[in-house]
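Notes follow the structure.
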Amino acid sequence: MSKKKPVTFRPFKAPRYSFDKLRICRRCGRYTALNEERCTKCGKASLVSVEHYASARAGRKMHTRLLLVLLLTLVSVYFGDSTLQMALCGAGGLLLTGLFYYTQRKVRQNENLRALEHLLAYNIGIIKEGLELNRQEAVSVLRENDVLAYEKLREIAILLRGDRVARQRVALLHGFQLRKDMDLEMEQLLLREFEPLLAEYIGEIAKVRRDLIKDRTLRYVQAYETQIRQMDKGIAILTGVAGAAVRMKRYALLHSRFIGRYVHELPKDRFLRLARLIEANPYEPWNGLDQTVAEIREFKYRWDPEFQ
Amino acid sequence: MTIKEVISLRNFMIILCISMVLLLGQKAQRMSDKVNAVQEGSRLHAAGDLIGAEEKYREARENHSFSYKEEEIATQLEKLAPITAIRTGLDNVARYASSQALSGDFEGFMKSYDDLLQLKSQYMKPGGPYEAYYRKLSAASGLSEEWTTFFQHFKKQFLDTLAQNANGNDGGDDVKWKLLRIPDAFFGGSSAKQEQLNAAFRSHDTGQLKALAAAGSFGPLLESTLSMHKAYESHKYAAPWLKEQVENSGRIILKKDLEGKNISAFAEHAAAYRKFASSAGFKATQVLKYIDAQNAKLLKSAASKAKNGAYEDAIKLYTELYPLKDHSEDIAAVRLAWNIADPVRLLPGGGEQGRYNNVISGKGKYGAKVYVAATDSSGSLHYAVMNKDNAVSSFSMGVIPGFPSLHLVFFDEALEAATGEPVVVAEADSTDDNGRTLFTGYALQMQGISQLFSFSGDSYELQPDGSILVHNVGAGAGEGNAGQTAIYRKSGETYQFSEIVQAYPPIQASELELHPFQNVSIGCEIYLDNSGSAVAYADGRYILLQGYQGSITGPMLLSGQFQNDYGILQTETGEESVPVFVVTSAGSLSIVN
């Protein structure tokens with residue numbers, strides 16, 4: 001077991017939308033998910049969020065259309081033969097223009113979104129390129145500053161899903177000492193395949209932040225239970241996970257069998273919680289867990305006042 | 001801001017909208033102009049300034065910014081239509097005229113001028129409603145000065161052309177008519193125009209004609225004059241100098257011809273002049289009279305030449321005068337007279353010197369007016385006859401025998417009388433016989449020459465019975481007959497040898513005594529008697545010969561006389577008294593009769 005170092009992450013708030021942090025350089029069209037000041041490709045300070053960019057485009061389009069209507073109005077007035085014609089054309093045209101303007105305002109938000117959708121959809125290739133560049137950048141600082149690298153990778157992982165980045169994060173995290181007050185992630189790190197480092201990480205998380213162990217983590221753990229058991233501290237990890245799982249009835253029910261396998265190892269407070277859970281819900285389908293728990297209770301904690 | 005952002009469709013639309021606003025501003029301006037124009041127009045119209053009103057209304061009509069009082073404009077302009085017509089008419093005319101003046105298109109220019117006059121007549125009626133306006137508009141456009149300039153320009157150009165061509169260059173004629181068309185006013189009045197043009201035309205025409213005359217091209221001179229004359233006629237312009245000039249030149253040239261004794265030139269020129277005069281309608285001019293007089297003189301001279309026997313000259317003169325009149329008849333008459341006077345001319349090429357020799361002729365006989373016979377250099381005999389109708393026939397015969405030594409050809413009257421047609425006899429030295437003459441006789445018939453006879457001898461005589469006696473006839477009459485006098489008798493068309501003149505006519509030996517002292521000849525056998533003298537035996541009797549030379553025996557023809565002499569001859573039966581024949585010549589026995 002290597003020494004883990006204590007680190008501090010910068011605060012990380014998952015954005016509401018994954019594209020919130022995505023920015024585009026107005027000049028060269030490069031996309032980036034990181035927080036740099038200047039575009040790394042062209043060096044100009046012209047990075048704007050894609051939302052802003054799309055919004056601007058939508059805005060221009062709408063203006064153009066409005067101007068077209070206005071132009072037609074003017075042309076019709078110009079070619080009018082009598083004052084009456086001209087007046088009618090002008091009035092009608094202006095009216096239409098007004099209506100049009102009003103309508104445009106109403107749908108502006110929608111248009112912005114559509115523009116954004118369009119932008120992202122049509123530029124997915126370029127976006128990928130940009131993100132790849134970001135990733136390479138993150139990897140490049142890995143040696144000197146693993147914390148920075150991890151932070152960068154975390155940013156990137158919002159958009160660039162998949163095992164590659166996750167694996168790298170896991171690898172980095174492995175070197176860090178985890179504390180409760182840190183911004184930690186769990187489900188985002190789950191890989192497709194079995195990775196011992198990940199299993200270790202899960203074990204650590206189960207210790208410091210039980211609440212992060214959720215459905216998917218549990219499923220992952222269960223899926224690779226055998227491999228984890230073969231690991232050094234495998235049983236401990238699994239126990240920890242089981243202990244985390246019992247915090248919610250739902251999990252206890254869902255993964256009752258899994259928990260049943262490690263219920264013997266559970267620390268007292270976890271066991272107690274489980275027992276209380278079962279007690280409170282006797283008629284749920286515990287799949288024999290309740291009996292196991294009763295047995296263990298009988299065996300270990302007959303005399304414990306907390307259990308009475 | 002990126003370039004992409006600057007050049008965007010939106011900004012482009014903004015620009016378009018701004019331009020439209022500007023255009024609208026312009027339109028507004030023009031609309032106000034139109035309104036003003038209509039207002040002005042109606043004000044001016046009410047004030048009586050029709051021209052100004054028409055202008056304003058027109059301006060308003062051409063202002064298409066918007067429709068404003070279109071009917072009013074239309075009706076007003078209709079009312080003012082004459083003004084418009086005047087104005088546009090003047091404008092068009094001015095425009096065309098100036099372009100035509102520039103390009104030198106006189107025809108078009110005159111047409112424009114016509115248009116102008118038409119316009120003027122239409123609108124410039126004194127007292128008419130539009131007279132004042134026409135005047136004003138016309139003055140405003142400065143038309144008069146322009147036209148004057150144009151006309152002056154054309155006038156000068158044409159006068160120059162005329163002057164240039166006065167020394168004989170071609171062209172410039174059509175310029176005259178153009179000058180004619182220029183209105184009088186631009187010359188300073190009609191009489192001034194006539195004066196100027198007359199002077200110009202006159203100098204041009206006379207210059208050209210004089211040049212032609214100087215170059216001696218009479219034909220072209222007349223042609224030019226005629227065409228000029230006709231041109232003047234067709235344009236109804238009097239050009240008296242033409243007649244003057246052509247008469248002068250004509251007279252000079254004709255005189256020169258006559259002085260230079262160049263009759264054919266004179267005739268040509270005279271004929272041309274006559275033709276010209278009739279085409280031009282000149283009658284009885286001086287020159288024509290002159291021509292007539294001279295022509296008469298020349299004809300008289302020709303006739304007298306003919307009369308005096310200078311036939312060739314006469315014919316020459318008549319021929320030279322051919323252009324004036326065809327004197328073929330006269331020439332024929334002269335030729336006839338000439339032929340009669342010089343019959344050898346009847347023969348082909350008879351007029352040539354030395355072509356024919358030994359020319360003999362006669363007239364008025366045998367149905368012919370004139371007949372002639374001659375030999376040519378090759379020795380052929382030629383004969384020509386002119387009958388009562390003056391038709392000439394000529395014939396020729398082959399080479400006359402003995403031609404190289406021909407020394408006489410003559411008509412034998414006696415033979416002619418006998419045969420009823422001319423007979424030509426040619427005498428030549430006979431080649432074979434010594435001293436004899438070869439006579440060849442030809443009968444000249446209407447249809448040709450035929451040889452009548454050919455014999456050689458010393459002379460010949462026509463006998464009353466139509467036979468010809470030839471003395472000392474040559475060998476042609478047969479061997480042995482030479483030297484005799486031969487008789488030629490006509491057999492068929494020719495005289496053939498008939499017989500030798502019987503200086504010693506043959507008789508039968510038995511009839512000897514019947515012809516005493518007559519030259520007779522007897523055919524007999526010659527024997528030699530015992531004494532060696534020759535004795536003749538014929539018809540069963542013996543004849544003694546006297547003067548018989550030679551000792552040839554055999555059959556012989558003896559010529560001589562019986563002189564009533566008898567002699568004794570010893571024969572087988574004894575002695576006989578036989579006649580003695582005095583022999584002058586003895587020849588072989590030839591078939592006679």
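Scope of the values below: all heavy atoms of this structure, side chains included, with no hydrogens, waters or symmetry mates.
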Checking side chain to side chain contact (heavy atoms under 4.5 Å, CB included) between Met13(B) and each of Leu66(A), Leu71(A), Val69(A), which is the one that passes?
Leu71(A)

With rounding to the nearest 0.5 Å, note down the distance linking [atom1] in [X] to [atom2] in [Y].
X	Y	atom1	atom2	value
Ser8(B)	Arg57(A)	OG	CZ	11.5 Å
Leu22(B)	Tyr78(A)	CG	OH	11.0 Å
Thr64(A)	Ile14(B)	OG1	CD1	8.0 Å
Met31(B)	Ser82(A)	CE	OG	8.5 Å
Leu9(B)	Arg65(A)	CG	CZ	10.0 Å

Chain B contact via Thr83(A) - which portion, at a heavy-atom distance below 4.5 Å
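It is both, since atoms from each part get that close.
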
Can you tell me which portion of Met86(A) sits under 4.5 Å from chain B's heavy atoms? Options are side chain, backbone, both or neither.
side chain

Please indicate whether [X] has more than 12 foreign heavy atoms, meaning atoms of other residues, nucleotides or ligands, lying under 6.0 Å from its [atom1].
X	atom1	result
Tyr17(A)	OH	no
Glu195(B)	CD	no
Tyr101(A)	OH	no
Gln118(B)	CD	no
Arg114(A)	CZ	no
Arg164(A)	CZ	no
Gln136(A)	CD	yes
Glu36(A)	CD	yes

Region of Ser19(B) that comes under 4.5 Å of a non-hydrogen atom in chain A:
neither

Between [X] and [Y], what is the shortest heavy-atom contact and its length?
X	Y	value
Leu67(A)	Arg10(B)	CD1-O, 3.6 Å
Leu24(B)	Leu74(A)	CD1-CD2, 3.2 Å
Lys27(B)	Gly80(A)	NZ-O, 2.7 Å

Side chains of Met20(B) and Leu70(A): does their closest heavy-atom pair fall under 4.5 Å?
no

